[in-house]
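Atoms considered below: every heavy atom in the structure, side chains included; atoms not considered: hydrogens, waters and symmetry mates. Note that the structure is a prediction, hence the values are computed from the model and not measured.
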Amino acid sequence: MLNMTDIMETITMIQEENLDIRTITMGISLLDCCDSDIRRSCDKVYEKITRCAEKLVETGIFIEQKYGIPIINKRISVTPVSILAGVSGGDPVEYALTLDRAAKATGVNFIGGYSALVQKGFAPGDRELIRSIPRALAETELVCSSVNVGSTRAGINMDAVALMGHAVRETAELTADKQCLGAAKLVVFCNAVEDNPFMAGAFHGTGEADCVINVGVSGPGVVRAALAKAGSDCNLNEVAEIIKRTAFKITRMGQLVGTEASQILGVPFGIVDLSLAPTPAVGDSVAYILEEIGLEQCGACGTTAALAMLNDAVKKGGVMASSNVGGLSGAFIPVSEDAGMIAAAEAGSLSIEKLEAMTAVCSVGLDMIVVPGDTPADVISGLIADEAAIGMINSKTTAVRVIPAIGKAEGETLEFGGLLGSGPVMSISRKSPSVMIQRGGRIPAPIQSLKN
């Protein structure tokens with residue numbers, strides 16, 4: 001039951017604390033679009049996406065107006081395109097161009113799924129797609145790409161890690177005239193989930209239904225405001241309880257929007273992903289939550305512990321609010337998209353090494369980190385391998401979205417604008433891991449029966 005207090009509290013969250021539905025994402029299976037002729041396959045892909053998502057944007061706007069809830073993005077995710085490329089052969093970039101055209105026709109913000117899952121090896125189409133990623137992201141506007149290089153069950157495919165180091169760097173080079181934006185639309189995963197509604201890592205898993213609606217909710221400003229109101233006298237048990245209750249309220253809003261969109265569009269409701277995904281807006285910052293808990297600045301000793309508590313409390317609150325909680329759900333720490341993270345990095349409080357430690361307890365990984373433009377591909381591969389190892393050993397999703405700022409050095413800034421914000425160019429170790437990377441092969445999966 002709703003009362004006036006609940007209604008007024010929600011209005012305040014939306015108007016003053018940056019509460020929003022970050023995205024409604026329609027997941028579409030393209031398995032029935034496979035064809036030995038790539039042109040026929042592309043025609044099928046375009047027809048299915050435009051048919052299924054024809055009213056997605058319209059529905060999002062209707063719900064937004066009906067309930068007064070901001071829905072920032074409307075997006076599409078599709079089956080990993082490497083599967084289609086493995087059947088059709090040909091240049092995979094043809095699929096990227098088709099996805100871009102379909103995304104523009106439906107009016108969505110982004111389309112994800114120019115992806116490959118290679119944690120245990122390369123199937124037909126995988127290598128070709130990975131090698132085509134730089135061109136695909138340079139020649140399209142709305143396409144996002146991801147590659148899963150490792151998992152707890154399979155280990156880490158180091159041949160794929162080596163390829164991705166070169167892919168990240170080449171993508172940045174090909175989009176250097178656009179602030180290296182292509183690299184901001186490329187994610188390298190370990191333990192990727194099949195129902196993630198957030199870009200740039202979203203793809204529609206092969207275990208999913210033919211078409212589903214997933215919702216991503218975000219409200220770091222709401223959590224920070226709740227802690228600020230509670231004051232500094234609360235102990236950490238009470239802090240965790242405040243976060244949990246706030247996450248519950250936020251998730252209920254996502255459940256409402258997802259259910260409504262599902263009914264209007266006539267497709268199943270997939271999941272609500274409650275992720276504290278920040279923006280450059282004042283107050284809408286995960287770093288500020290950590291500082292509200294009691295840190296002088298994000299990056300100080302104690303940051304990892306505070307983030308662990310935040311992530312856990314968010315998930316507990318979300319699970320109580322909906323039986324459809326999924327995706328990544330927790331706290332994101334993208335540097336360029338978070339005003340507090342940017343400030344901490346510029347002040348020298350937050351380093352890549354500290355961020356790597358934080359990724360062991362948050363929902364994603366090294367996200368939207370800008371490194372010097374002359375960073376070698378093997379160093380990027382080493383960074384990917386480190387982050388994949390954290391995910392593999394801890395049975396969690398980790399990711400790397402790193403942007404080599406071509407032509408810029410440490411201390412300068414790369415400006416993206418919009419939700420992507422701006423990123424300070426951060427220092428990274430230049431000691432080379434090239435001999436290890438060039439060995440190739442696979443890092444074996446960890447033993448699962450002796451967890452301690």
Side-chain angles (χ1 to χ4, degrees), residues 27 29 31 77-83 85-86 112-127 129-130 145-165 167 186-198 200-209 212 214 270-271 273 275 308 311-312 315 319 325-330 356-357 359-367 381-401 436-437 439-452:
S29 172
L31 292 177
S77 63
V78 299
T79 308
V81 167
S82 65
I83 297 173
Y114 197 75
S115 307
L117 310 179
V118 295
Q119 59 268 22
K120 207 168 183 179
F122 299 96
D126 287 338
R127 287 183 188 271
L129 183 128
I130 290 173
S145 179
S146 60
V147 176
N148 192 69
V149 298
S151 72
T152 299
R153 289 186 173 274
I156 302 172
N157 182 348
M158 291 300 291
D159 294 317
V161 169
L163 285 174
M164 289 312 299
L186 173 57
V187 183
V188 187
F189 276 117
C190 178
N191 288 321
V193 298
E194 297 190 332
D195 55 4
N196 168 25
F198 286 101
F203 64 89
H204 187 67
T206 55
E208 297 287 302
V212 298
N214 296 320
I271 56 94
D273 184 324
S275 289
N311 207 54
D312 179 65
K315 292 185 179 184
V319 166
V325 172
L328 295 168
S329 288
E356 190 174 292
T359 64
V361 299
C362 77
S363 288
V364 278
L366 296 170
D367 195 16
S381 292
L383 192 67
I384 292 169
D386 283 344
E387 196 58 31
I390 290 173
M392 175 184 71
I393 294 296
N394 291 290
S395 301
K396 70 180 294 292
T397 302
T398 53
V400 172
R401 187 162 47 146
M436 172 186 170
I437 300 301
R439 286 180 183 273
R442 205 165 84 234
I443 293 178
I447 190 165
Q448 294 296 297
S449 59
L450 295 176
K451 287 278 186 184
N452 57 29

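- Residue Leu117 holds its CG atom at 7.5 Å from OG of Ser146, rounded to the nearest 0.5 Å.
- In this structure, Asp386 CG and Ile384 CD1 are separated by 10.5 Å, a value rounded to the nearest 0.5 Å.
- Across every non-hydrogen atom of Ser82 and Leu129, the tightest pair is N-CD1, 3.6 Å.
- Side chain to side chain, Thr152 and Asn191 meet the donor-acceptor criterion of an N or O pair below 3.5 Å.
- Considering only heavy atoms from C-beta on, Val400 stays 4.5 Å or farther from Met164 through its side chain.
- Pairing each heavy atom of Ala445 with each of Arg153, the nearest pair is CB-O, 3.3 Å.
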Under the side-chain contact (heavy atoms from CB on, under 4.5 Å) rule, what do Val81 and Ile83 come out as? Steps first, then yes or no, please.
CA-CA 5 Å; Val81 167; Ile83 297 173; over 6 Å; no

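- You'll find the side chain of Ile437 reaches within 4.5 Å of the side chain of Met158, heavy atoms only.
- Side-chain N or O atoms of Asp195 include one that pairs as donor or acceptor with a backbone N or O of Gly327 at under 3.5 Å.
- Judged purely by atom type and a 3.5 angstrom limit, Asn148 uses its side chain to pair as donor or acceptor with the backbone of Gly150.
- With rounding to the nearest 0.5 angstrom, the CG atom of Leu383 is 9.5 Å from the OG atom of Ser381.
- Side-chain N/O atoms of Asn157 and Gln119 include no donor and acceptor closer than 3.5 Å.
- Here the closest non-hydrogen pair linking Ala360 and Ile390 is CA-CG2, 3.8 Å.
- No donor-acceptor pair closer than 3.5 Å links the side chain of Thr398 to the backbone N or O of Val364.
- Between Ala167 and Ile130, the shortest heavy-atom contact is CB-O, 4.3 Å.
- Of all heavy-atom pairs spanning Thr206 and Thr79, the tightest one is CG2-CG2, 4.4 Å.
- Residues Phe122 and Asp159 form a side-chain contact, since some pair of their non-hydrogen atoms from C-beta on lies under 4.5 Å apart.
- Annotation: side chain to side chain contact (heavy atoms under 4.5 Å, CB included) contacts of Arg442 (sequence neighbours excluded): Lys120.
- Within the 3.5 Å criterion, the main-chain N or O of Ser275 finds no donor-acceptor partner in the side chain of Ser329.
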Might you work through the side-chain contact (heavy atoms from CB on, under 4.5 Å) test for Leu366 and Arg401, ending with a clear yes or no?
CA-CA 6 Å; Leu366 296 170; Arg401 187 162 47 146; over 6 Å; no

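- Side-chain atoms of Asn394 do not come within 3.5 Å of backbone N or O of Gly391 as any donor-acceptor pair.
- Considering only residues two or more places apart in sequence or on other chains, Ala399 meets the side chain to side chain contact (heavy atoms under 4.5 Å, CB included) condition with Val187, Phe189.
- Residues Val361 and Asn311 come closest through the heavy atom pair O-ND2, 3.2 Å.
- Every residue meeting the side chain to side chain contact (heavy atoms under 4.5 Å, CB included) condition with Val212, not counting sequence neighbours, appears here in chain and number order: His204, Glu208, Ala209, Asn214, Pro268.
- Looking at Val325 and Ile271, their side chains never come closer than 4.5 Å, going by heavy atoms from C-beta outward.
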